[in-house]
Number of protein chains: 2
Amino acid sequence: MSHRAAPEHTHPDDVPLLTALSALADPVRIQILRELAGSQEWTRTCGSFDVDVRKAALSHHFAVLRGAGVVEQKDEGARRFNRLRGEEFGTRFPGLLELVLRGD
Amino acid sequence: MSHRAAPEHTHPDDVPLLTALSALADPVRIQILRELAGSQEWTRTCGSFDVDVRKAALSHHFAVLRGAGVVEQKDEGARRFNRLRGEEFGTRFPGLLELVLRGD
DNA sequence: CGAAGTGTATGACCGTGATCGAACACCTGG
DNA sequence: CCAGGTGTTCGATCACGGTCATACACTTCG
């Protein structure tokens, strides 16, 4: 057996406002969130995003989004699936995620 | 005559989302906005904020806030007075400023 | 078992932005 | 007119964050 180490999550309630704003103030992460919002939950793996960075940077961005409590991840075999924490994050920071998803 | 050059303002409607988020993702600027929100409009000069940076940095922060359309400035003699653009900014980015002002 | 696929960790590089000191411009009050 | 106050600009410095290449860990499939 011996799974891979489960990803560390931070609950939105424990996320400082500054951390949330910093996490969302990045074009790559905004794009990830929008793509994620346009898909069914738990259907998108980390590598499935149409983003213009290599996988090391991509992995970093997901760690930031996790640390901001806006994304949840679940390992399934070799792949890591994602979902938006829309409900909980929206309770902690009302309107913020909607703002990012709405776009300009 | 010959006033000082009037500060350049950006209307919230012309502010990209990323610019707004970046502007708000800074502890000094957040503190400025909160102090400003706790005062009557047009009563606070740039130097009147209890902030832990020198005046050069302070001037920079106000320029950023102006560029994000969240603060308006008006010169009166030697001093520059400030006000929050609560209404217009709130229309462009609903809930965002409230989130910053509410705090943690 | 071995190869390919998925994601993380590490170290380095680099650009951006926050900061400061100093110099400057402008206004006001003696 | 001059001194002090207010704020900006400029140049330099410094820290932080985004990026990459590489190496590694784990899974799946042939």
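Throughout, protein chains are lettered first and strands after them, A, B, ... in sequence-line order, and every chain is numbered starting at 1.
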Between protein and nucleic acid, restricted to nucleotides 9-12 of chain C and to nitrogen or oxygen atoms under 3.5 Å apart, what atom pairs and distances do you find?
none

Query raised in the report: Mapping A/Ala78 and A/Arg54 to their closest nucleotides on DNA chain D, which lands nearer the 5' end?
Result: A/Arg54
Query raised in the report: Taking A/Asp75 for the side chain and A/Arg80 for the main chain, is one N or O donor matched with an acceptor at less than 3.5 Å?
Result: no
Report task. Return no unless some side-chain N or O of B/Arg79 is found under 4.0 Å from OP1 or OP2 of C/dC26. Result -> no
Report task. Round to a whole Å and report the spacing from CD of A/Glu8 to P of C/dT8. Result -> 12 Å
Report task. Go through residues 34-48 of chain B and report each residue with a non-hydrogen atom lying under 4.0 Å from DNA chain D, sorted by number. Result -> B/Thr45, B/Cys46, B/Gly47
**Report entry** Separation of atom CG in A/Leu58 from atom P in D/dT22, rounded to whole Å
**Finding:** 19 Å
Query raised in the report: Side-chain contact, heavy-atom cut-off 4.5 Å: B/Arg79 with B/Cys46?
Result: no
Requested in this report: Starting at atom NE2 of B/His60, determine the distance to atom P of C/dA22, rounded to an integer number of angstrom.
Outcome: 21 Å
Requested in this report: Enumerate the residues from residues 20-31 of chain B whose closest heavy atom to DNA chain C is under 4.0 Å, giving them by residue number; use none for an empty result.
Outcome: B/Asp26, B/Val28, B/Arg29
Requested in this report: Apply side-chain hydrogen bond (donor to acceptor under 3.5 Å, both in side chains) to A/His9 and A/Arg66, showing your working.
Outcome: CA-CA 6 Å; A/His9 285 91; A/Arg66 242 166 37 220; 5.0 Å; no
Query raised in the report: Whole-Å distance between C/dA18 P and A/Leu18 CG?
Result: 11 Å
